[in-house]
There are 2 protein chains.
Amino acid sequence: MSEITQLTLEAEELDAADELSKLRERFVLDDAVYLDGNSLGALPASVPDRVDDVVRRQWGSLRIRSWDESGWWTAPERIGDRIAPLVGAAAGQIVVGDSTSVNVFKAVVAAVRMSEDEHGEGRGGRDEILVDATTFPTDGYIAESAARMTGRTLRPVTPAEVPDALSSRTAAVLLNHVDYRTGRLHDLPGLTAAIHEAGAYAVWDLCHSAGALPVGLDEHGVDLAVGCTYKYLNGGPGSPAYLYVRRDLQPRFDSPLPGWNSHVEPFGMDPAYEPVAGARRGRVGTPDILSMLALEAALEVWEGVSIESVRAKSLALTDFFLKCVTSYVPEGRVESLTPTPHPERGSQVALRCSPTLGFARAGGAPNAAEVMKHLITEGVIGDFRHPDVLRFGFTPLYIGFADVERAARVLAQTLESFD
Amino acid sequence: MSEITQLTLEAEELDAADELSKLRERFVLDDAVYLDGNSLGALPASVPDRVDDVVRRQWGSLRIRSWDESGWWTAPERIGDRIAPLVGAAAGQIVVGDSTSVNVFKAVVAAVRMSEDEHGEGRGGRDEILVDATTFPTDGYIAESAARMTGRTLRPVTPAEVPDALSSRTAAVLLNHVDYRTGRLHDLPGLTAAIHEAGAYAVWDLCHSAGALPVGLDEHGVDLAVGCTYKYLNGGPGSPAYLYVRRDLQPRFDSPLPGWNSHVEPFGMDPAYEPVAGARRGRVGTPDILSMLALEAALEVWEGVSIESVRAKSLALTDFFLKCVTSYVPEGRVESLTPTPHPERGSQVALRCSPTLGFARAGGAPNAAEVMKHLITEGVIGDFRHPDVLRFGFTPLYIGFADVERAARVLAQTLESFD
């Protein structure tokens, strides 16, 4: 039996045994293998009619009355509560709105202020913010601004270096749960404990983990967290991000963006700011209702789905992808940047397209951008990340094992075509 | 001829002579008189199909490719350029995204930094930010945060007090073009000139003027401006706000929210922030595409419409409303908070529902909230603003003179019913 026949059969068996396979029906998909759900999740089938209702009836007909009657005003908290179980948070701690970048700003400044609030004017000497040096850049840019505006120093370190970098100077630490490039899953429980041990506050960016694996915010005592909703949560292009503030810290959440939506009495038109209690304190201005209610409809795909089962399938998918790639692609043409051990792997596989290895053609290996372009024309949609990475995201809600086999096979053919 | 007959006839004549009357067809409206477009603009007829296309085809079918192929990535600047002529700005100075509150933060902090940048470390003693004391509260809350985070003092003054309050201590001034409560139009050219005379930077909030009257940002040398798009620009509930940075100031625009969307090479994944040139420097994170492209479709109603003609009709509408109210409502039952002189009037009329005057019934006058509730059940939709204000907004694109007459007539009947 050829390798291809064997892996095709294995994929069939895995798909047949997959309890989540029927969830694919909850999405609008076509013949392509869509492995870019870690950049923009596919369209849930529940979304289009809902958005149409929001536009035509709620806005077009009820108009201003919808702020009450269609639940627009309370949407940020209500949708936050819908996300909460997916990231291991009890209700009342998550609010949806603004972009991830804006929420990183709120969270990092608030964390620094919690530290200050604990130590008073002298700050207890806590003058440093640590930030993941391997982060998606926006977190670093925003953390730099937060440091500048709170009079702290920003110190970029890799997550592995965090335990040694922590000291009595550390006010707050901003880390990514899963590295956007390599797909490495960082040790959220262990690092959070180390940060707390050092007397600092932990802010986690969940963009690449929420919806793909259990996060356990409450269980691990995370202080603040942010995440986007357009990747594994399928909220749509630029759908609003969210902010988690642990319940006991909420009274000390001192927002750098104290907009009227977080006032205790937003329609009191009080010239003095008095923050409301609870998660709503993370709100700023008027919520973008269209994007927000599209997200709410998108979250319906999670009905009856446990994040644990999603994680189990995600690992099986990435395991199988790595197995197929190893089997189909001649050694040395790509190398995986994604860790092999399960506890260190998110829901994506990043393959480095080595420019020096394994190619006979003049000019050496094709560059990763070229390879990805070709893959896409062949119906395998992943993405390219500077400078040499092919990124494949596996959304267990709509990706099956046959998809995975096909993606690896097309990748091998593509690389061969450049030979 | 009765007063009612006379004013009804006058309304008919005014509608017949109204060159903008046909624009009403560009909106989805019903039998109610919708005078709440200064809170949430009515639904433009061009929006629902566009949003459906964005959801089903752009997101559902093209998915990630839409960032390029559907123009998602460039939407914030493209839509900014569409708003620009409505506020008297040349292209390349406006970017759409985030909420008004978030943009106020960017603008005020950036203005303070421009001042600092001019004066160096000692700041030239410019340690004050002036803010409109009569502002919609969020501007005040955010300005307070901007002051706190830049080490300045916030000093609330009324717009009338600004000329005297300006001094060599003033770094920046945040003002509203039109007061959200009274509908008073402030002297943007005069105040901007006075602010510049004092060596400070002017930030204007255009929420209640853009789309209702000419603003003349370029002409009057405004430094920075922000505004929402869901009032007279009809962008939909919580549609993204915009930020104007005058072209020659853009190289000095130093954002407190330097997200990856404003990086010179956003996909370069550079750990060091280097801001792009131009209006895009005002961007932060991933734009909320659904809300943003709904706004883009909504702006099509402006095709062939001059803001000057809108202003002329707006003044005629509010003049006629005041005339009808004076004629129909017994003296002393309501008093207008909106200035009579045209140069001081926006596109709304605010009537104070006096609790002490003119009512025979036990318990005196009804409160304004009660009156507005009754008006709404009678098909006249305005809103109530704490503590005693009935607010009526006149959107010249879809409100006619017969609507105005009816609103005043129903108001008179409503007040009578409480007698």
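All chains are named by letter (A, B, ...) in the order of the sequence lines, taking the proteins before the strands, and each is independently numbered beginning at 1.
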Asks: Against chain B, work out which of A:A241, A:S255, A:P287, A:G140 has the most heavy-atom pairs shorter than 4.5 Å and name it.
Replies: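 Highest number of pairs under 4.5 Å: A:P287.
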Asks: With a 4.5 angstrom heavy-atom cut-off, is it the side chain or the backbone of A:N261 that approaches chain B, or both, or neither?
Replies: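 Neither part.
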Asks: Do A:T229 and A:Y242 touch side chain to side chain, with heavy atoms closer than 4.5 Å?
Replies: yes
Asks: Check whether A:A146 gets within reach of chain B through its side chain, its backbone, both or neither, counting any heavy atom under 4.5 Å.
Replies: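 When you check distances to chain B, no heavy atom of A:A146 falls under 4.5 Å.
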Asks: So, taking the atom named CG in B:D383 and the one named CD1 in A:I64, what distance separates them when rounded to the nearest 0.5 Å?
Replies: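 It comes to 6.5 Å.
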Asks: Between chain B and each of A:G259, A:G97, A:P258, count heavy-atom pairs under 4.5 Å; write down the option with the most.
Replies: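 Result: the option with the highest number of such pairs is A:P258.
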Asks: Given that the side chain runs from C-beta out, which part of B:D139 has a heavy atom under 4.5 Å from chain A: side chain, backbone, both or neither?
Replies: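 Answer is neither: B:D139 stays 4.5 Å or more from chain A.
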Asks: Looking at B:P237, B:S66, B:A272, which has the largest count of heavy-atom pairs under 4.5 Å with chain A?
Replies: B:P237
Asks: Out of A:G60, A:A133, A:P44, return the one with the most heavy atom pairs under 4.5 angstrom to chain B.
Replies: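 Option with the top pair count is A:G60.
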Asks: Could you tell me if the side chain of B:F384 sits less than 4.5 Å from the side chain of B:V389, heavy atoms only?
Replies: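 They are not in side-chain contact.
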Asks: Side chain, backbone, both or neither: which part of A:R385 has a heavy atom under 4.5 Å from chain B?
Replies: side chain
Asks: Checking A:V51 against chain B: side chain, backbone, both or neither under 4.5 Å from a heavy atom?
Replies: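 Looking at A:V51, just its side chain touches chain B.
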Asks: Return the orientation label for the A:W72 and A:W67 ring planes: parallel under 30°, perpendicular over 60°, tilted otherwise.
Replies: perpendicular
Asks: Need one label for A:V104: side chain, backbone, both or neither, based on atoms under 4.5 Å from any heavy atom in chain B.
Replies: neither
Asks: Does a salt bridge link B:R57 with B:D53, judged by any charged N lying under 4.0 Å from a carboxylate O?
Replies: yes
Asks: Which residue out of B:P271, B:G236, B:C228, B:A45 racks up the most heavy-atom pairs below 4.5 Å with chain A?
Replies: B:G236
Asks: Sort A:F105 into side chain, backbone, both or neither according to what part of it lies under 4.5 angstrom from a heavy atom of chain B.
Replies: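 The answer is the side chain of A:F105.
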Asks: Side chain from CB out, backbone as N, CA, C, O: work out which of these in A:I381 comes under 4.5 Å of a heavy atom of chain B, or both, or neither.
Replies: side chain
Asks: Are B:R63 and A:Y34 in a cation-pi contact, defined as NZ or CZ under 6.0 Å from the six-membered ring centre and within 45° of the axis?
Replies: yes
Asks: May I ask you to name which of B:L40, B:D288, B:L290 has the most heavy-atom pairs under 4.5 Å with chain A?
Replies: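 Answer, by heavy-atom pair count under 4.5 Å with chain A: B:D288.
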Asks: Select, from A:F136, A:Y180, A:Y230, A:F267, the one with the greatest count of heavy-atom pairs under 4.5 Å involving chain B.
Replies: A:F136
Asks: For each of B:T135, B:D270, B:V109, tally heavy-atom pairs with chain A at distances under 4.5 Å, and name the one with the top tally.
Replies: B:D270
Asks: Could you state the interatomic distance from CG (B:L337) to CZ (B:R391), rounded to the nearest 0.5 Å?
Replies: 12.0 Å
Asks: If you count heavy-atom pairs under 4.5 Å with chain B, which of A:D52, A:I376, A:D254 comes out on top?
Replies: A:D254
Asks: Among B:G235, B:P387, B:P240, B:G37, which has the most heavy-atom pairs under 4.5 Å with chain A?
Replies: B:G235
Asks: Salt bridge check: are B:R56 and B:D49 linked by an N-O gap of less than 4.0 Å?
Replies: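 Not counted as a salt bridge, because no side-chain N and carboxylate O are separated by less than 4.0 Å.
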Asks: Quick check on side-chain hydrogen bond (donor to acceptor under 3.5 Å, both in side chains): which of B:T158, B:D179, B:N176 does B:T134 satisfy it with?
Replies: B:D179
Asks: What are the two closest heavy atoms between B:R283 and B:W73, and how far apart are they?
Replies: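 Looks like NH1-O, 2.8 Å.
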Asks: B:S291 versus chain A, heavy atoms under 4.5 Å apart: side chain, backbone, both or neither?
Replies: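 Both backbone and side chain.
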Asks: Considering only heavy atoms, which portion of A:F27 lies under 4.5 Å from any heavy atom of chain B: side chain, backbone, both, or neither?
Replies: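 Answer is neither: A:F27 stays 4.5 Å or more from chain B.
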Asks: In terms of heavy-atom pairs under 4.5 Å, which option from B:H386, B:R148, B:Q58 contacts chain A the most?
Replies: B:R148
Asks: Side chain, backbone, both or neither: which part of A:N234 has a heavy atom under 4.5 Å from chain B?
Replies: backbone
Asks: What part of A:R50 gets within 4.5 angstrom of chain B, counting heavy atoms only: side chain, backbone, both, or neither?
Replies: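 When you check distances to chain B, no heavy atom of A:R50 falls under 4.5 Å.
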Asks: Between A:Y273 and A:S262, does any side-chain donor sit less than 3.5 Å from a side-chain acceptor?
Replies: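 A pair is found: one side chain offers a donor N or O, the other an acceptor, under 3.5 Å apart.
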Asks: Please test B:V55 against A:L43 for side chain to side chain contact (heavy atoms under 4.5 Å, CB included), starting from the C-alpha separation and ending with a verdict.
Replies: CA-CA 8 Å; B:V55 172; A:L43 172 65; 3.8 Å; yes
Asks: Is the B:H263 ring parallel, tilted or perpendicular to the A:Y141 ring (thresholds 30°, 60°)?
Replies: parallel
Asks: Kindly say whether A:Y398 contributes a backbone atom to a donor-acceptor pair with the side chain of A:R24 at under 3.5 angstrom?
Replies: yes
Asks: Return the option, out of A:I142, A:T100, A:V28, with the maximum number of heavy-atom pairs under 4.5 Å with chain B.
Replies: A:I142
